[in-house]
Amino acid sequence: MSAPAARREAVDSPPAPTRRRRRLDPALLFIAPAVALVLALFVYPFVYGLILSFQPYGEHEADGALGSYLAFFGDPRERLSIWNTLRLAVPATVIDVGLALPLAYRLRRPVPGQRVITALFVIPLTLGTVLIAEGMLQFFGPAGWVNKTLIAFGLVQQPVQFLHNYLGTLISLLISDFPAVFLLLLGYASSIDPALDRAARVLGASWWQRTWRVTLPMLAPGIAVAAALSFVATFSVFPSAVLVGNPAGETRVIAFAAWQAAYERYDYSEGSAIAIVMGAIELALVGAALSLRAGGYRRMRTEGAR
Amino acid sequence: MSPSSRATVTPKLKSLRVRELTKRFADAAAVRGFDLEVSGGEFISLLGPSGCGKTTTLNCVAGLLEPDEGAIEIDGRDITPFPPERRGFGMVFQNYALFPHLDVSRNVGFGLEVRGIAHSEIGRRVARALELVQLGGLAKRYPAQLSGGQQQRVALARAIVTEPPLILMDEPLSNLDAKLRLEMRLEIRRLHQSLGLTTLYVTHDQEEALSLADRVVLMREGVVEQAGTPEELYAQPRSLYVANFLGYRNLVPVEVGEIRGDTVSVAANGFLFTGTRRGTLAEGGAAVATIRPKDVQVVAAGSPGCIAAAIELAEFVGDGFELSADAGSGQRFIARTTDRWAVGDHVALRLPPERLLVFPSEVR
């Protein structure tokens with residue numbers, strides 16, 4: 001609908017400001033398949049799970065609608081799964097962002113061999129967690145290359161236990177999560193005008209001052225988004241916690257707890273309740289990360305786009 | 001006569017010396033043996049087409065590029081090894097390079113903040129700089145909320161607020177529309193004079209260079225083709241290249257006839273005419289005759305000593321007409337006149353000998 005047409009209509013019928021809303025843009029129909037897909041694959045299961053979580057089953061039925069939640073929070077072992085997951089997701093996110101940030105900034109301009117380097121960083125993205133775990137079982141095993149190298153250099157006497165514990169899961173998360181964080185930050189870093197750094201230099205800013213006053217503030221929105229996505233991905237860890245972790249103990253993550261409830265105890269209600277708790281925690285932390293973007297930078301991006 | 005003599009403030013810089021500057025990229029030299037001496041208060045324009053090395057030269061002076069050979073000296077002191085952050089110059093970039101996450105006052109105050117100057121003094125100096133560029137009311141805006149001209153003024157304020165000895169400008173007006181460009185040109189010249197600045201100004205626009213600068217350095221393929229006052233370059237171009245860059249748009253390949261002192265007669269396509277000799281010419285050799293459109297006189301057909309031509313195009317250009325006249329054998333002349341001629345009119349073109357310059361054909 002063109003602007004002049006809308007204006008003419010407004011003049012013809014001044015007291016009907018709501019009329020415009022009824023004239024739906026036919027182009028909006030193009031999003032119908034996507035909406036249907038979201039409804040079928042996300043909204044329906046979510047609502048179904050939400051309802052299910054308030055319909056306790058078996059022994060928790062007597063506790064009312066919140067029975068499944070009470071069962072989860074009332075059991076120290078179940079509660080611990082939240083801590084177990086945070087203990088993996090937060091360090092994995094911090095380390096990945098910390099490693100990807102300088103690399104992405106360094107590679108923001110074409111450098112020799114950049115395509116090879118970028119491709120190497122991105123390969124894990126194509127592998128999937130299970131394949132990474134398989135590779136890790138060989139590579140980080142007691143007779144694997146990592147331990148062989150460490151022993152050869154005399155750094156350790158006995159093979160280090162990298163697998164089937166917290167460390168194994170953390171390494172696996174770092175590997176599988178790094179590419180997305182790196183690519184996202186690379187996109188943000190390469191969109192920064194290189195003239196800004198030069199302007200800051202000429203104005204007398206040292207490397208530290210340029211980093212703190214120009215580069216990092218400019219990258220802040222990218223860091224927030226990358227950290228949020230990384231956190232969500234690592235918080236829902238499941239395969240690597242089982243394959244290279246210790247799902248009976250220190251890597252009994254919340255996704256695993258939900259799976260046990262639903263498919264070992266066949267308590268779908270508690271399984272759903274745990275999944276809802278998991279979603280709520282993710283939402284809270286993502287919200288916190290994204291709200292850090294507030295302030296001058298967002299103002300410049302929205303109001304400036306006139 | 002130089003406009004800088006009217007400066008009221010003593011310049012902070014005594015002299016800038018660029019000595020035998022050479023900068024190579026990959027294996028091609030972007031700048032070769034560039035020499036320049038600037039005294040305090042001067043406005044110097046580096047002029048040339050893109051790729052002539054003018055921006056490379058500027059970046060070497062700024063410290064953003066490291067020269068392969070040569071030295072930059074300020075008041076007799078060699079500053080070549082210094083990084084840009086220790087040179088203390090002001091610089092205005094082509095795209096302004098304002099910090100998008102900082103408001104106008106923080107942008108302007110950036111250079112003062114990183115120098116650790118007291119907050120109250122920063123506020124005072126930023127306010128004064130914004131007054132100077134007439135942006136007093138916009139201190140709290142963000143760059144994206146400003147028009148191109150306003151952004152340009154912020155960039156200027158940011159460059160001058162630290163009171164640098166030398167201001168470097170890299171095509172600062174090329175992103176503005178024609179009207180704003182003229183306005184900002186005056187503004188830049190005004191600031192230069194009133195603050196006693198020393199300015200090195202890079203542009204590809206000959207009009208900008210001639211109107212702003214005390215001295216123009218015309219560059220070509222990494223070397224200085226001619227340096228001098230705007231008047232000198234305009235009236236006495238040293239080479240065909242300079243002439244062509246400064247508005248000698250009519251180029252006629254000719255054969256050199258008789259040479260008598262500075263006067264030379266030349267022949268082209270059966271026309272015979274007389275011009276002023278520039279450079280070394282050999283009788284019977286090839287040369288190029290060149291004349292500005294405004295010096296070509298369009299007179300009634302059949303006038304003696306003129307070239308017969310037919311008007312092909314006539315463009316109204318405000319204070320007159322720009323005509324394209326076909327003189328036969330594919331030779332066209334562009335003429336600027338106030339008389340009205342119609343397309344198809346048969347006319348005669350008179351080329352005043354003192355305005356028609358004859359250069360040796362370029363072998364480069």
Side-chain angles (χ1 to χ4, degrees), chain A residues 101 104-105 108-114 185 187-227 289-306, chain B residues 55 58-59 61-65 82-117 140-147 151 154-155 157-164 166-171 175:
Chain A
L101 193 59
Y105 189 69
R108 73 198 189 283
R109 301 279 132 216
V111 293
Q114 181 177 34
L185 287 175
Y188 272 91
S190 42
S191 70
I192 298 179
D193 181 0
L196 295 181
D197 190 64
R198 293 189 290 157
R201 289 196 79 177
V202 175
L203 285 165
S206 66
W207 186 86
W208 270 111
Q209 287 173 321
R210 297 200 298 279
T211 304
W212 283 106
R213 287 165 184 268
V214 181
T215 312
L216 282 178
M218 296 288 301
L219 278 174
I223 296 171
V225 171
L290 294 185
S291 70
L292 288 178
R293 295 201 309 176
Y297 193 74
R298 185 163 52 187
R299 186 156 59 233
M300 125 208 163
R301 285 168 70 93
T302 50
E303 289 180 20
R306 62 199 161 96
Chain B
T55 297
L58 194 79
N59 282 334
V61 174
L64 293 167
L65 285 176
F82 288 5
E85 54 268 35
R86 289 190 52 206
R87 295 192 181 191
F89 299 158
M91 188 158 179
V92 179
F93 293 84
Q94 184 168 9
N95 64 356
Y96 319 135
L98 300 180
F99 304 118
H101 60 298
L102 301 178
D103 66 18
V104 166
S105 61
R106 297 272 326 267
N107 257 287
V108 175
F110 189 90
L112 303 172
E113 276 180 33
V114 298
R115 281 168 175 74
I117 287 169
K140 291 295 156 219
R141 294 271 191 97
Y142 281 82
Q145 299 169 286
L146 302 176
S147 69
Q151 292 187 29
V154 176
R158 187 176 70 173
I160 59 173
V161 77
T162 56
E163 295 173 13
L166 180 67
I167 299 257
L168 309 170
M169 300 201 191
D170 185 8
E171 308 237 9
N175 284 343

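Quantities reported herein were computed from a predicted structural model and do not represent experimental measurements. Below, all heavy atoms of this structure are taken into account, side chains as well, without hydrogens, waters or symmetry copies. So you know, we letter chains A, B, ... as the sequences are listed, proteins then strands, and number each from 1.
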With sequence neighbours left out, which residue pairs that include part of residues 99-108 of chain B fulfil the salt bridge (charged side-chain N to carboxylate O under 4.0 Å, His left out) condition?
B:D103-B:K140, B:R106-B:E113

Suppose a student defines contact as a heavy atom less than 4.5 Å from any heavy atom of chain B. Which residues in residues 199-209 of chain A would they list?
A:A199, A:A200, A:R201, A:V202, A:L203, A:G204, A:A205, A:Q209

Do B:L102 and A:P217 come within less than 4.5 Å of each other through their side chains, counting heavy atoms only?
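A side-chain contact is absent here, since even the closest heavy-atom pair is not under 4.5 Å.
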
Please give me the minimum heavy-atom distance between A:D193 and B:N95, naming the atom from each residue.
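Answer, listing the atom of A:D193 first, then B:N95: OD2-ND2, 2.8 Å.
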
Quick one: what part of B:L98 sits under 4.5 Å from any heavy atom of chain A, side chain, backbone, both or neither?
backbone

Contact winner vs chain A - B:A159, B:G63, B:P164, B:A97, heavy-atom pairs under 4.5 Å:
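Between B:A159, B:G63, B:P164, B:A97, the count favours B:A97.
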
Examine whether an atom of A:R213 lies under 4.5 Å from a heavy atom of chain B, and if so say whether it belongs to the side chain, the backbone or both; otherwise answer neither.
both

